[in-house]
Amino acid sequence: MDVSTVLHDLNEAQREAVAAPTGNMLVLAGAGSGKTRVLVHRIAWYIETDQAMPYGILAVTFTNKAAAEMRGRIEVLLKKPAGGMWVGTFHGIANRLLRAHWQEAGLPESFQIMDNDDQYRTVKRVIRALELDETKYSPRELQWFINAQKDEGLRPQHINTSGDPEKAVLVRVYQAYQTLCDRGGMVDFAELLLRAHELFRDQKQILANYQSRFRHILVDEFQDTNALQYAWLRLLAGNGGSLFAVGDDDQSIYSWRGAQVENMMQFQRNFVDATLIRLEQNYRSTANILKAANTLIANNPSRLGKELWTDGEAGEKIDLYNAYNEHDESRFVIDRISLSRMKGDPYCHHAILYRTGAQSRIMEEALMHAGIPYKVFGGMRFYERAEIKDALAYLRLSVFNEDDSSFERIINTPVRGIGQRTLDELRERAKRENISLWQSALQILQDKTLPERALNALERFLKLILEMGVGIRDIHLGEAMERVVKTSGLIDHYRKEKGEKGQARIENLDELITAASEFDVSREEYSDMEPMAAFLGHAALESGETQAEAYTDFVSLMTLHAAKGLEFEDVYLVGLEEGLFPHQRSSNDPVQLEEERRLCYVGITRARKKLTITHAQHRRLHGSDYYPQASRFLAELPANVITEVRLGNHPAQVLSRKEQTSNMTSSSNGMNLGQRVVHAKFGEGVIITLEGQGNHARVQVNFEQAGRKWLVMAYANLQTAG
DNA sequence: TATCCGACCTTTTTT
DNA sequence: AGGTCGGATA
């Protein structure tokens, strides 16, 4: 292939980035500016100009999907497989490193990867073992705490509790959790990164080897990197390497899970020779859509700065519809989609994007009612399903008896008469003797410290696992999986579950057997792993992308977060209301508010041809009524690219009588939702929530001056106003 | 020991 | 409103 092919079809800024001399570079790539294209072409450029072999290139992404796409596009461009090149997620690459250097990393050879759910259960076990009050120390929060520490690269001993007894407890849980993980050879997601970082930091020889191998490192979505990922990259890049980082600070929407946009600013300080290139020409959206996006995001004070432009058409204006309520909103959206479809646009050109997952239901109902095919993205993934995790736990336990978390998961699934008493005894002894649950069970069987019944049940369980494990490492993965599913009793167990759910679970178990038989252990990235470890790692790290079946036409429904990186002809951005978007929990903090705005920016820039925004005057949420104000983001959009949609027939007339009456009903106190009231101290406001009856009735009022207050009707002495 | 009921909570999600 | 989780109950 000719080098010119690599530079062909690129704009000036893209070409500059692709053909820049080897060195550190930060590419500020706006939405739709050909970010992946630049990454892929940069790699091809290295190879075609003989600056690098595929063997010397490392490309890192955040999702498996992005990694797969990148690899695919590179191979298309090079017209050959890119053997020897590492393309993967941070976690996938960390896993690969740790499998190859498990000894130096201080891990057992076949360490297990825990997913979120495994981690949650383990944290919970630790809290119980430490006899802490679960209501005071919630497992969720502790899990979050532990991950936040790891994301910062902190081990328990590094954390300064500075005499804070509360924090000391958190650290104690972290410590106990880590001890438990280490004993069972369990590695959580953050631990993968932490160990990979420590490996490079502490093993100079290993680091030197990889530094001399990967002279060319490329990172996608750089704005999403956390402290640890960036530190790891810096170690690997060292002084002589070249780090090509592509990102967009305006699309940083994951700070709440540790991503640090500051890494982009930091990059230029850490790599003083680094060049900065901006990709601002947009190939996706119309000029009107870009104008809206640019104007909105300009309200964020802390940006690197960038303005998208296109040489394409202005396009249609953005439609804005103020719905009567959420049903009217969904009806409006679905009517529009039907109309568009009649004009010849397939359903798959349409996406409905929302802030919170709870908003999908109303849309789904309306779509179902209208008989429009749709798909909700971002539900439970294949390998996260209970039945799949059960089967994998059997597999793990049969291979590695000491795996406590698998033991806990399946000891009584299906129910086999092993109850709380037995479990307590098992845990108690395991803790006392500092042994695994399996060993604890063996001892109990020997000492007969439980009633006959329980002992029998326990013995049957151990025998089952032992028999299951005979020679299981030596047979094909598919056969192993089949044996596990067939002998575990899971099929019968799930057959008893009523409804279609049980049937679906059994089908999933069948699919798991298929997945195991078809799993390709010969892939290059698994070269340092045993087949079983490779498969289990795959199950944890690639929890089964919710992939659309090919050749089917459907409307896509997803959260704004899930929409990042995607594009659609027609985008419906729904629920643009204060409290919902920006979300209540972000509205009080300027930093979080900026992130909400970036989220809105992401949403707007998903649209190619047409953007429609909706908000409702009245919305039922978590069982109570809200009369939200329009989102502040609407006021930040330029008026000259917006068309306010007024329907010929007023929405209220479309409502059924039942809906009208239910919405008009006033409470027993003569107060209505949305009613303006006066309070002696707080002044004027609007009732936004009504709860309870008579003397117990409480209202939430949004006061113009004093903000939101909860008041008890019996004491508040509210007067109606306006 | 298994099942049922009610209290509680409710942003975003990848690995 | 709807799902989850833990405790109470049969």
Rounded distance (Å) that lies between atom [atom2] of [N] and atom [atom1] of [X]:
{"X": "A/Arg381", "N": "B/dT13", "atom1": "CZ", "atom2": "P", "result": "9 Å"}
{"X": "A/Arg257", "N": "B/dT14", "atom1": "CZ", "atom2": "C1'", "result": "4 Å"}
{"X": "A/Lys496", "N": "B/dT3", "atom1": "NZ", "atom2": "C1'", "result": "14 Å"}
{"X": "A/Leu228", "N": "B/dT15", "atom1": "CG", "atom2": "C1'", "result": "13 Å"}
{"X": "A/Tyr626", "N": "B/dT10", "atom1": "OH", "atom2": "P", "result": "12 Å"}
{"X": "A/His538", "N": "B/dT15", "atom1": "NE2", "atom2": "P", "result": "12 Å"}
{"X": "A/Arg585", "N": "B/dC9", "atom1": "CZ", "atom2": "C1'", "result": "9 Å"}
{"X": "A/Phe62", "N": "B/dT13", "atom1": "CZ", "atom2": "P", "result": "16 Å"}

So the salt bridge (charged side-chain N to carboxylate O under 4.0 Å, His left out) pairs with at least one residue in residues 414-423 of chain A (sequence neighbours excluded) are none
Do the side-chain N or O atoms of A/Asn116 get closer than 4.0 angstrom to the phosphate oxygens (OP1, OP2) of B/dT15?
-> no
Could you tell me whether the phosphate oxygens of B/dT10, OP1 or OP2, come under 4.0 Å of any side-chain nitrogen or oxygen in A/Thr356?
-> no
Please confirm whether the backbone N or O of A/Gln584 pairs with a side-chain atom of A/Ser587, one donor and one acceptor, at under 3.5 Å?
-> yes
Partners of A/Asp492 by side chain to side chain contact (heavy atoms under 4.5 Å, CB included), sequence neighbours excluded?
-> A/Arg495
Is A/Trp256 stacked on the base of B/dT12, meaning ring centres closer than 5.5 Å and planes within 30 degrees of each other?
-> yes
Distances under 3.5 Å between nitrogen or oxygen atoms of protein and nucleotides 8-10 of chain C:
none

Can you tell me if A/Glu221 and A/Gln223 form a side-chain donor-acceptor pair at under 3.5 Å?
-> yes
Does A/Lys375 count as lying over the ring of A/Phe377, i.e. NZ or CZ under 6.0 Å from the six-ring centre, within 45 degrees of the axis?
-> yes
Can a cation-pi geometry be assigned to A/Arg125 and A/Tyr177, taking NZ or CZ under 6.0 Å from the six-membered ring centre and within 45° of the ring axis?
-> no
Does the gap between the ring centers of A/Phe407 and A/Phe461 come in under 6.0 Å?
-> yes
Determine, for [X] against [Y], whether the closest basic-nitrogen to carboxylate-oxygen distance falls under 4.0 angstrom.
{"X": "A/Arg361", "Y": "A/Glu365", "result": "yes"}
{"X": "A/Arg195", "Y": "A/Asp182", "result": "yes"}
{"X": "A/Arg331", "Y": "A/Asp328", "result": "yes"}

For A/Thr89 and for A/Gln592, find the nucleotide of DNA chain B with the closest heavy atom, then tell me which residue's nucleotide is more 5'.
-> A/Gln592
Relative to the 5' end of DNA chain B, which residue comes earlier, A/Arg453 or A/His583, by the nucleotide with the nearest heavy atom?
-> A/Arg453
In numerical order, the residues of residues 407-425 of chain A whose heavy atoms come under 4.0 Å of DNA chain C are none
Residues A/Phe581, A/His615; criterion ring pair (Phe, Tyr, Trp, His ring centres under 6.0 Å); working and verdict = CA-CA 10 Å; A/Phe581 191 26; A/His615 59 123; over 10 Å; no
Please identify each residue that fulfils salt bridge (charged side-chain N to carboxylate O under 4.0 Å, His left out) with A/Glu425, with sequence neighbours left out.
-> none
Protein heavy-atom contacts under 4.0 Å, written 5' to 3' over nucleotides 1-7 of chain C as B (base), S (sugar-phosphate only) or - (none), form the string BS---S-
Under 4.0 Å between any heavy atoms, over every strand shown, what does A/Tyr254 touch: base, sugar-phosphate, or nothing? Just pick one.
-> sugar-phosphate
